[in-house]
Amino acid sequence: MALTPKNELTREEKRAKKADAEQEALLREVDDAVRQSDADAFLARWGKPLFALLILGLAAFAGYLYWDSRQEAAMERDSEALVGALDQIQAGNLDSGYAQLEELAGKEGGAAIAAMMMRAGIAEQRGDTEEAATLFGQVAENEDAAPAMRDLARLRQVVIEYDEMDSAAIVTALKPLATPGKPYFASAGELVAHAYLDQDKRAEAGALFAQIAKDENAPETLRSRARQMAGVLGVDAIEDVDALLEEQGVEREAGEGENAAAATQ
């Protein structure tokens, strides 16, 4: 009797394997049909809303690109307007430069603030102090302007209106600027110190003059004035006498202080 080779499948095994393959194929077909049915049902329910959302997204993106291009074009126009007005000012055509800046100054943004400051400067140079003070005041109150720009505008406004302002108003306006470390500390501080003198607050004025005299970032002429005023008010504003004498080209003799006293007056 012949034996069946071990590497050959019996009929039952072949039929079983074929049945498994057919069952697996059927399951795949059923799974594909279910997936297709689910996809059709999903598209039937959500297809139009998703398509509409896609269209809206594309439209929004296109709108942003258009807005961005318009913004960039507007910034270029504003820059060109500023440069053109500056050219007119440098050429001595103040009226022309002032007129060119009018439209730009009525807008919003950094270019508009710069245009307003330039118009204020032109008005002050032409002697129209009321218009200049008004424009500087508008910049000082503009919360969109950079803090340093607002401080400068406030300082310029007070300088223009100084003679008409009472001392209390000057102190109120400039005291926030008259703080060591602020960009316009020395200039604002000098005005505040003189306002203190008008109020007979000699101690406050002397202390502020001394701070200005010791401020290495302040112009030397302003420091010198402050040093003299502090000395008159009895406040020592000299930290290094030898350094001061050297700056002023005065030789100090050993044991003598006459030159030091002369340098502080």
Side-chain angles (χ1 to χ4, degrees), residues 60 63-89 94-95 97-196 199 204 208 211-212 215 217-219 222:
Y64 168 76
L65 292 178
Y66 175 73
W67 173 84
D68 186 61
S69 64
R70 290 288 300 273
Q71 289 291 103
E72 186 174 350
M75 290 177 62
E76 290 179 357
R77 288 195 300 270
D78 292 346
S79 297
E80 291 175 358
L82 283 175
V83 172
L86 185 59
D87 289 341
Q88 292 295 319
I89 296 170
L94 298 183
D95 293 339
Y98 188 86
Q100 287 188 19
L101 292 168
E102 182 176 4
E103 180 180 356
L104 182 57
K107 298 181 180 180
E108 296 181 354
I113 294 171
M116 195 175 298
M117 288 290 287
M118 290 173 66
R119 280 169 61 88
I122 294 172
E124 183 179 9
Q125 190 169 349
R126 294 190 307 189
D128 191 351
T129 56
E130 183 177 353
E131 174 70 8
T134 298
L135 291 172
F136 281 130
Q138 290 175 356
V139 175
E141 297 295 334
N142 191 332
E143 295 182 355
D144 293 331
M149 185 75 78
R150 296 180 65 185
D151 289 349
L152 176 59
R154 179 66 72 199
L155 177 61
R156 294 305 306 156
Q157 180 190 18
V158 173
V159 168
I160 293 173
E161 299 180 333
Y162 188 86
D163 292 338
E164 288 75 32
M165 296 176 66
D166 60 47
S167 57
I170 294 171
V171 172
T172 300
L174 294 184
K175 190 174 181 180
L177 283 64
T179 303
K182 287 283 188 175
Y184 306 106
F185 159 64
S187 298
E190 185 178 33
L191 295 177
V192 171
H194 281 289
Y196 280 148
Q199 295 175 340
E204 290 87 343
L208 190 49
Q211 286 182 312
I212 297 171
D215 184 7
N217 295 320
L222 203 161

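- Minimum interatomic distance between T172 and P176 (heavy atoms only, all atoms of both residues): O-CD, 3.6 Å.
- Closest approach of A148 and Y184 over heavy atoms only: O-CE1, 3.4 Å.
- Listed here is the closest heavy atom pair of I212 and A218: O-CB, 4.4 Å.
- The nearest pair of heavy atoms linking R150 to V139 is CG-O, 3.7 Å.
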L152 vs M117, side chain to side chain contact (heavy atoms under 4.5 Å, CB included): CA-CA, chis, key distance, verdict: CA-CA 10 Å; L152 176 59; M117 288 290 287; 3.9 Å; yes
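- One distance of note links CE of M116 with CZ of F136; it measures 11.5 Å at 0.5 Å rounding.
- Residues A132 and E124 approach most closely at CB-N, 3.6 Å, considering heavy atoms.
- The pair R126-E131 does not meet the salt-bridge criterion, since no charged nitrogen lies less than 4.0 angstrom from a carboxylate oxygen.
- The distance from atom CD of E130 to atom CD of E161, rounded to the nearest 0.5 Å, is 9.0 Å.
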Could you walk me through whether E204 and Q199 pass the side chain to side chain contact (heavy atoms under 4.5 Å, CB included) test, one step at a time? CA-CA 10 Å; E204 290 87 343; Q199 295 175 340; over 6 Å; no
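- Between Y162 and A195, the shortest heavy-atom contact is OH-N, 4.2 Å.
- Here the CG atom belonging to L191 is positioned 6.5 Å from the CG atom belonging to L155, to the nearest 0.5 angstrom.
- Within the model, atoms NZ of K175 and CG of L208 stand 9.5 Å from one another, a figure rounded to the nearest 0.5 Å.
- Taking CG of L174 as the start and CE of M165 as the end, the distance is 7.0 Å to the nearest 0.5 Å.
- Here the straight-line distance linking atom CG of L177 with atom CZ of R154 works out to 8.5 Å at 0.5 Å rounding.
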